[in-house]
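Written out below as structure tokens is the structure these notes cover.
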Amino acid sequence: MRKILSITFIVCVALFSCRKPETTLPSEEIRIDGSGMHLKYVKGFYLLNEGNMGSNKASLDVYTYDDNTYRRNIFGERNPDVVKELGDVGNDIKIYGSRLYAVINCSNLVEVMRASDARHIGVVSIPNCRYVTFDGPYAYVSSYAGPVAIDPSARLGYVAKVDTATLTVLDTCVVGYQPEEMVITGGKLYVANSGGYRAPNYDRTVSVIDLASFKEIKKIDVGINLHRMCLDRYGMLWVASRGDHKGSESPDRSKTFVVDTHTDELILTLPVPNSNMTICGDSIYVYGTEWNSVTATTEKSFGIIDVRSRQLVSSQIITDGTQDNIKVPYCIAVNPESRQIFISDAGDYVTPGKLYCYSPKGKLQWSVTTGDIPGHIAFF
């Protein structure tokens, strides 16, 4: 009897430890009419769909310019031996060298793939991981450190230093509460601390880490509930605040801040709502989706900031009136070669979203259905 039970156990383990290809949701190829473009440097992009929390539905799409084809949900087919596919909540995606890194927040890991074909290489286990950035032979990953839960007594977060050759965590540096995006410049790493788990007592600092010692050397007081970051060519760090979610009438509404990385001082506050932004040349493309907890409505806005004048120079990114098609802007990216503008729509957050491609002048060129909650783009 014991022998029979042992055999049964072995069979069960074998069945569940290797997901067969036929059980994988198939990918889907979508031909994009009129999107043909032959670029010298940019061949396409990956799009990471977050998937609704708890659903284990993070997914990966890819678009290639040479054949004008958008391929949905490619990870499972290309990696049939990865048991739970990509995981739960895809929070960031970057290409560094020949590798593609996807930060899978609620699965507590960074999935590392070949950038050429999204084939699995390995994973780095980091609890409640959020964003990734790189410098030399290292990847740096922000982590909330604790479990996914609103908690006024939540612990401080940290940044993990990862050896990209061995995919091992070499060190950690404690920063502020619930750290988000990061930027590296001048031998220093800057990280936006949100304190989102401690609402309404948000964090309001940017931590500065000296990379040589991997120690926090300063906290810059900026604004509440910080999230996004980008660096311009003049050494100015642009930082987004999600605000207190009480809408445009709140003194602590979403704003855009500028930190001078030469002095590590806050030098400017712009009353520009900022849920997400991307920089291309001297222009920052930004949108705001401010949830107003008082009126239970979302206040939506778009804009372009000139980094030289440090002013909002346009309240439009989309110029053909099609912005009304976008229910919930959720991702923004600009092709650095063609200057095409990509904006995703999360829709209702539980069904497939949309990706819209606009010309540099803001005219709609094409759109496509994505996975659930299309959130992050990496060009290759």
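Please read all numbers here as calculations on a predicted model, not as lab measurements. Just so it is clear, the values below take in all heavy atoms, side chains as well, and ignore hydrogens, waters and symmetry mates.
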* Side-chain donor-acceptor pair under 3.5 Å between N335 and Y65, yes or no? -> yes
* Polar side-chain atom of E29 near backbone of R71 as donor-acceptor pair, under 3.5 Å -> no
* To do: Return yes if a side-chain donor-acceptor contact under 3.5 Å exists between T256 and N274, otherwise no.
  => yes
* Counting distance only, does the side-chain N/O of R78 pair as donor-acceptor with the main-chain N or O of D117 below 3.5 Å? -> yes
* Is it true that D372 and K57 have a side-chain N and a carboxylate O under 4.0 angstrom from each other? -> yes
* To do: May I ask you to check whether S314 and Q316 show a side-chain donor-acceptor distance below 3.5 Å?
  => no
* Test item: side-chain donor near acceptor, D320 and T322, under 3.5 Å -> yes
* Does T69 use its side chain to pair, donor to acceptor, with the backbone of I30 at less than 3.5 Å? -> no
* Asked: Can you tell me if T261 uses its side chain to pair, donor with acceptor, with the backbone of G235 under 3.5 Å?
  -> yes
Please table the atom pairs, donor to acceptor, closer than 3.5 Å between any side-chain atom in residues 373-380 and protein atoms at least two apart or in another chain.
| from | atom 1 | to | atom 2 | distance (Å) |
| --- | --- | --- | --- | --- |
| H376 | ND1 | N91 | O | 3.3 |
| H376 | NE2 | E50 | OE2 | 2.9 |
| H376 | NE2 | N91 | O | 2.9 |

* When you check the gap from the basic side-chain N to the acidic O, do K219 and E216 get nearer than 4.0 Å? -> yes
* Can you tell me if Y356 and N325 form a side-chain donor-acceptor pair at under 3.5 Å? -> no
* **Salt bridge flag under 4.0 Å for residues K94 and D92** => yes
* Asked: Can N128 and S143 be counted as having a side-chain donor-acceptor contact under 3.5 angstrom?
  -> no
* Asked: Which pairs pass ring-ring contact (aromatic ring centres under 6.0 Å, His included) with one or both residues in residues 111-132, sequence neighbours excluded?
  -> Y131-H227
* **Of all pairs that satisfy salt bridge (Lys or Arg N to Asp or Glu O under 4.0 Å), the ones with a partner from residues 128-153, not counting sequence neighbours** => R130-E180
* To do: State, without any angle test, whether S254 and E290 hold a side-chain donor-acceptor pair at a distance under 3.5 Å.
  => no
* Is a side-chain donor or acceptor of S359 paired with a backbone partner of K361 at a separation under 3.5 angstrom? -> yes
* Short question: side chain of R31, backbone of D67 - any donor-acceptor pair under 3.5 Å? -> yes
* Asked: With E337, which residues qualify under side chain to side chain donor-acceptor pair (under 3.5 Å), at least two apart?
  -> none
* Sidechain-backbone polar pair: R72 side chain, V62 backbone, donor-acceptor under 3.5 Å -> no
* Are I317 and I284 connected in a single hydrophobic cluster, I mean Ile/Leu/Val/Met/Phe/Trp/Tyr linked by side-chain heavy atoms less than 4.5 Å apart? -> no
* Centroid-centroid distance, Y140 to F214, less than 6.0 Å -> yes
* Side-chain H-bond candidate by donor/acceptor type, S59 with N73, under 3.5 Å -> no
* To do: Classify the side-chain pair S250/D244 by whether it contains a donor and acceptor separated by less than 3.5 Å.
  => yes
* **Between T289 and T298: side-chain donor-acceptor atoms closer than 3.5 Å** => no
* Structure fact -> Contacts satisfying ring-ring contact (aromatic ring centres under 6.0 Å, His included) that involve residues 233-273 (not counting sequence neighbours) are none
* Asked: Any Lys/Arg nitrogen of R233 or D282 sitting under 4.0 Å from an Asp/Glu carboxylate oxygen of the other?
  -> yes
* Asked: Can K218 and D264 be counted as an ion pair, charged N to O under 4.0 angstrom?
  -> no
* Asked: Is a side-chain donor or acceptor of D88 paired with a backbone partner of G54 at a separation under 3.5 angstrom?
  -> yes
* ring-ring contact (aromatic ring centres under 6.0 Å, His included) contacts touching residues 185-211 (sequence neighbours left out) -> Y144-Y197
* Would you mind checking if D203 and R198 are paired as a salt bridge, meaning a charged N to carboxylate O distance below 4.0 Å? => no
* Do the ring centers of W366 and Y358 come within less than 6.0 Å of each other? -> no
